[in-house]
Every structure is written in structure tokens, then in C-alpha cells.
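Here's the structure we're looking at; comments come further down.
Start at 1 and go down the list; that is how both ligands and their atoms are numbered. Note that this is a predicted model, so its numbers are computed, not measured. The first residue in the sequence is number 1, and the count goes up from there.
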Amino acid sequence: MTQIRHAGTAELRIGDKTLSLPIVEGSEGERAIDIGDLRTETGLVTLDYGYKNTASCKSAITFLDGECGVLRYRGYPIEVLAENFRFVDVAYLLVHGQLPSQEERSRFSELLNWHSMIHEDMRHFFYSFPEHAHPMAILSAMVVSLSTFYPELAQNSPEEEIDMATTRLLSKIRTIAAFSYKKSIGEPFVYPRHDLKYCANFLNMMFSSPVRPYEVKPEVERALNVLLVLHADHEQNCSTSTVRLVGSARVNLYAAVSAGICALWGPLHGGANQAVIEMLEDIQRDGGDVKKYIERAKDKTKAGHAPLYGFGHRVYKSYDPRAKIIKEVYANVLKAMEERDPLLDIATELEERAMADNYFLERKLFPNVDFYSGLTYRAIGIPKSMFTVMFALGRIPGWIAHWREAMSDPEFKLQRPRQIYVGPLRREYTPPKPAKPARRGRKAK
Ligand code: SDX
């Protein structure tokens, strides 16, 4: 990791005291005030809802520039990676910091193939979930269960063991995801195959069956690779920060990632891709009245108010670079599947209207990664209940990379934010007076 630079000081005046706080600068010129000594020096803490102004760590994994719509993994622009590399290459890059050599790539593929099956005893877990169980609940439960079958990583585990755990999780989560889908439709599990690559194997486990062979279309395999690359990391988003926070208690990788899966499930985060499709389906059922849903999203007092899912972002105040790429991928999949999706017309009108509406423009609310990803998964034939699982499948290498970076950070600390208490002041407890004994002959009330 390149070292952080000192870039002057910030003066903070509190009463008659002036405190000099160091300003630090990262490799891309981002600057922060280091408040590490603030409470010791002043007794004060900072208050920052949603951590909108707070950096929780230094990281060398992903760089985002929300104003200019820039996204780079380990320095490589997302557009270059999506165009030229497969998901497995990008997963290796995120976790190890470099794109794999030919030899590293074949070793990595060998390990991914070797680890693609789950322990046979784990198959039975699926039968204990009710039919309607959401696949994200299953995914989180199955991932944390991996820690009961495989050795937990210790803080200073050798690189080889960490590589083993990384490929194990990256490979088995694909099988767990496909098995949870098969379970939800009452079909038998389809096992991974040694002759199929990562994405083709997943598609085959999802859609093949003993009575219906499935042919992996190259355009669909390509689309899935691009989708997983685009979702692979996004610096300190909610679920990645969850993995780092839970990991800071020194739990094992599987437990930290299982917590990240639960955070991703939320409709304001990774669950938005499912919420986008449900919103488009609502509009379709409602006669295609896009304007009504836009007005509702703008007015918090309106009955049924909900944000326009797939729009807005904590960091991107410009068009999400991933959304641009997914829009093209989606068009290619529709062509390959010779499909026409009526929801696309609604989505196109929704984007056009929102992008012409001052409410959205003033607040810099543009389409984000979730706006077109759900439509693309739908065109591939993936059911909407699995959309957020697909997001998790993509995000696994990012979560693993951040967990490893945090565990090996020399300035690592247990994450434990402070608060500002606004509850009752000290109250004395006055025990209730003992009830008077009832007078003889008269019943106690
Ligand atoms: C992901 O962090 C990441 O990197 C996440 C992610 C990743 O790769 O990990 O990129 C993936 O989570 C993408 C976001 C998916 N979520 C959605 O599409 C849900 C809809 N979006 C909103 O809920 C919202 O935009 C957030 C939660 C994504 C971001 O909200 P912020 O940064 O907390 O901004 P805010 O709520 O303070 O919004 C500022 C204003 C508010 O209005 P006012 O108080 O100024 O009147 O904009 C409004 C908000 O009400 N607003 C929206 C809106 N998003 C924000 N109004 C209508 N529709 C929206 N979508």
C-alpha cells in the first residue's frame, strides 16, 4: 500500500483552545483531517450520520471519483477490465493486487474447480429451509456454515492458507447460489462440472436439468462475466464496511462475509436491483403511469412514497460508470435471447423523465448500477429473487480483498464508534410500597 502523505494541518478552535490536526493525502489527492487525537485533546467527538464525511480506513483496493464517475480496481479503469478480462481475472486482481500471470491464472482456475463442490452434508441444510425462503437468507446461512466445515483463517495465516480460503469461498458461493435457486423451484441440484469455466458453470448449475439440457450462449456467458466484474468491488460501501467492521472483532472470513451478505440484502443497497424490477412491474400493472411514480418518489409526504429505486448514490453525483456499461450489455443479451421486454420501455421512459426533472438533476440523482442490472438478469432468465444473490456473487472478491487488507493493516483497530447520548439523566429507583395486608373477613382487591 502506498503511504499516506502529510499535507499540512487544520486549526480547530474550541473555546480558548486551538488544536492543530494533521491533514493527510492519499495517492489520488484525496485529503482528510486525521482526528485520531481529537477526544484525548478536547474531550469532543465528531457526529456524522451515515459517515458521509468520514473515512474509516486507508485502502489500496478501489478508487472512486463520484463527481467524475471514475471507478478503478487496483488502478485499472473499470471500462478496461470489463472489456478485456473475465471475472476470475478481476477477482484475482482485487485479492492479490496484480492481474494473474498465465501460470497464476491456471493455478487459480484449478483451485476454483477443485473447490467448486460443497461438502455433501451441506446439501441437507437446503432441505431445512421453507420453500419461500429468500435466497439471501440461505446464502448468508450457508456461507457462515462453511466455517464449521473448513479451517478458520487465523490473523497471521500463511499466504497459501489465505489463498485456499479465498478460492474456496469464491467457488463454493457460486454452487450455494445455484443450489438455493434449484431448491426454490423444487428441482434437483446440478453439480459443477470440471470442463466449464466459472460463469458457464454457474449458468449450467442454474438452468440445466436431467430432462432439459442447457446450452450456454456465449453472449450470455460474456454478459454474466461483465456483470460480475462491475459488481466486484466499490470501496467502503455499506456491505464492505460491514465486512470490515465485523472482521475487526477478529471473526473468521466466512462470518464476516456472511454479515456483508445481510447488509447487501437491503433495498437501499444491493437489494435495489430487485426493488427496481418490482417498481417497474408496479408501474406496468398501474397502466404504465411513469409520471405518477416519479412524483411519488419526489414527495415524501405522498402516500406510498418510495425512492426511485436504481437512482441516486452516496458517492456518484454523476452517471454511475457501471450503469453505462450494463445498458450496453443488456442490449446485447436481448439481441442474443431474441427477446423483447416491455419493462425496458418503462425503464427508458423513467430514465428520460427523471433526467429531465429538476428534482433529480438538482440532487444529482442519476441511474446507478442497479437500474439496468435487474433487467439484464431477467433477460438471462434469472428470477428477481436471485438478483441480489447475483450482486453478492460479484462482490465476493471485493469483500475478501477488504477483509484481508484490514487484517494485515498495521494500524488495524477494533471498530467501535462513539455516540452522543440524549437519553434520561440519572434517575433514582423507588421500590413500590408493599401492599397493605387485607383486613380479616374482607377480600384483598
Ligand atoms: C448500491 O455505496 C455504494 O457504493 C453502493 C453500491 C455498491 O456498489 O456497493 O454502489 C450499490 O447500493 C447502489 C444504490 C442502490 N440503491 C438504490 O437505488 C435505492 C434508491 N437510492 C436512494 O435510496 C439513495 O439515493 C441512496 C440510499 C442510494 C443514497 O442516499 P444518500 O446518499 O443517503 O442521499 P440522501 O438520502 O441524503 O438523498 C439526498 C436527497 C434527499 O432528498 P432531500 O432531503 O434533499 O429533499 O435526495 C433524495 C433524498 O430524499 N433522494 C432520492 C433518491 N435518492 C436520494 N429521492 C428519490 N429517489 C431516489 N432514488
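In this structure, atom 10 (O) of ligand 1 is in close contact with the protein, since a protein heavy atom lies within 4.0 Å of it. Under the 4.0 Å distance rule, the nearest protein heavy atom to atom 30 (O) of ligand 1 falls outside the cut-off. Distances from atom 45 (O) of ligand 1 to the protein include at least one heavy-atom value under 4.0 Å. There is no protein heavy atom closer than 4.0 angstrom to atom 39 (C) of ligand 1.
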Would you please test F126 and F189 for ring-ring contact (aromatic ring centres under 6.0 Å, His included) and show each step?
CA-CA 10 Å; F126 287 94; F189 297 144; 5.2 Å; yes
After noting the C-alpha distance and the side-chain angles of S59 and E405, does the key distance pass the side-chain hydrogen bond (donor to acceptor under 3.5 Å, both in side chains) rule?
CA-CA 8 Å; S59 179; E405 184 179 68; 2.6 Å; yes
Check step by step if side-chain hydrogen bond (donor to acceptor under 3.5 Å, both in side chains) holds for R105 and S109.
CA-CA 6 Å; R105 179 63 160 75; S109 299; 2.9 Å; yes
Step-by-step ring-ring contact (aromatic ring centres under 6.0 Å, His included) determination, Y316 to H234
CA-CA 11 Å; Y316 288 126; H234 217 237; 5.1 Å; yes
List the steps, then state whether side-chain hydrogen bond (donor to acceptor under 3.5 Å, both in side chains) holds for S116 with S171.
CA-CA 5 Å; S116 53; S171 194; 4.6 Å; no
Please step through side-chain hydrogen bond (donor to acceptor under 3.5 Å, both in side chains) for the pair D233 and H402, ending with a clear verdict.
CA-CA 9 Å; D233 192 50; H402 281 276; 3.1 Å; yes
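At a 4.0 Å cut-off, at least one heavy atom of R322 sits close enough to ligand 1 to count as contact. Under the 4.0 angstrom criterion for non-hydrogen atoms, K298 is not in contact with ligand 1. Not a single heavy atom of F371 sits closer than 4.0 Å to an atom of ligand 1. For the pair H231 and ligand 1, no heavy-atom separation below 4.0 Å is found. By the 4.0 Å heavy-atom criterion, A297 is counted among the residues contacting ligand 1.
In the candidate list V315, L365, V276, L365 is nearest to atom 54 (N) of ligand 1, counting heavy atoms. Counting only non-hydrogen atoms, the option in H234, H269, E235 that gets closest to atom 12 (O) of ligand 1 is H269.
Annotation for ligand 1: atoms under 4.0 Å from non-hydrogen atoms of H313 are 2 (O), 3 (C), 4 (O), 5 (C), 6 (C), 10 (O), 13 (C), 25 (O). For ligand 1, the atoms sitting less than 4.0 Å from at least one non-hydrogen atom of Y359 are 42 (O), 48 (C), 50 (O), 52 (C), 56 (N), 57 (C), numbered in the order shown with element in parentheses. The ligand atoms of ligand 1 that sit less than 4.0 angstrom from a heavy atom of R314 are 29 (C), 31 (P), 32 (O), 33 (O). Distances below 4.0 Å separate heavy atoms of K300 from the following atoms of ligand 1: 42 (O), 43 (P), 44 (O), 46 (O), 50 (O). Near G312, meaning under 4.0 Å from any of its heavy atoms, are these atoms of ligand 1: 25 (O), 28 (C). Listed by number with element, the atoms of ligand 1 under 4.0 angstrom from any heavy atom of R395 are 7 (C), 8 (O), 9 (O). Those atoms of ligand 1 that come under 4.0 Å of a heavy atom in Y309, given as number and element, are 18 (O), 19 (C). If you number the atoms of ligand 1 from 1 as listed, the ones under 4.0 Å from a heavy atom of G310 come out as 17 (C), 18 (O).
Figure legend: R107 and Y92 shown without cation-pi pairing, the cationic atom not lying both under 6.0 angstrom from the six-membered ring centre and within 45 degrees of its axis. For R74 and Y76, the positive end is not near the middle of the six-membered ring at less than 6.0 Å and at most 45° from its axis.
Salt-bridge annotation for K327 and D320: absent, with no side-chain N of the basic residue lying under 4.0 Å from a carboxylate O of the acidic one. Here K182 pairs with E187 in a salt bridge; the nearest charged N to carboxylate O distance falls below 4.0 Å.
Nearest heavy-atom pair, G312 versus L365, reported as atom, atom and distance to 0.1 Å: CA-CD2, 3.8 Å. Smallest separation of non-hydrogen atoms from A177 and V389: CB-CG1, 3.5 Å.
Nearest protein heavy-atom contact of atom 23 (O) of ligand 1 is L268 CD2, 3.3 Å. Nearest to atom 15 (C) of ligand 1 among the protein's heavy atoms is D370 OD2, 3.2 Å. Closest to atom 58 (N) of ligand 1 among all protein heavy atoms lies L308 N, 2.9 Å. Scanning the protein for heavy atoms near atom 14 (C) of ligand 1, the closest one is N368 ND2, 3.6 Å. Annotation: atom 35 (P) of ligand 1 to nearest protein heavy atom, K52 NZ, 4.0 Å. The nearest protein atom to atom 24 (C) of ligand 1, hydrogens excluded, is given as F311 O, 4.3 Å; this is a heavy-atom distance.
Here the straight-line distance linking atom CZ of R174 with atom CG of L203 works out to 10.5 Å at 0.5 Å rounding. Put simply, CE on M279 and CZ on F311 are 7.0 Å apart, with the number rounded to the nearest 0.5 Å.
Tested against I346, the residues L375, L280, D289 include a single side-chain contact (heavy atoms from CB on, under 4.5 Å) partner, L280.
The side chain of R363, and not its backbone, has at least one atom closer than 4.0 Å to an atom of ligand 1 (non-hydrogen atoms only; side chain from C-beta on). At a heavy-atom distance under 4.0 Å, no atom of F366 approaches ligand 1. The side chain of A272, and not its backbone, has at least one atom closer than 4.0 Å to an atom of ligand 1 (non-hydrogen atoms only; side chain from C-beta on). Under 4.0 angstrom from ligand 1, the non-hydrogen atoms of N237 come from both its backbone and its side chain.
Within 6.0 Å of atom NE2 in H6, 12 or fewer heavy atoms from other residues, nucleotides or ligands are found, so the atom counts as exposed in its surroundings.
In this structure, Y377 and F387 have tilted ring planes: the angle between them lies in the 30° to 60° band.
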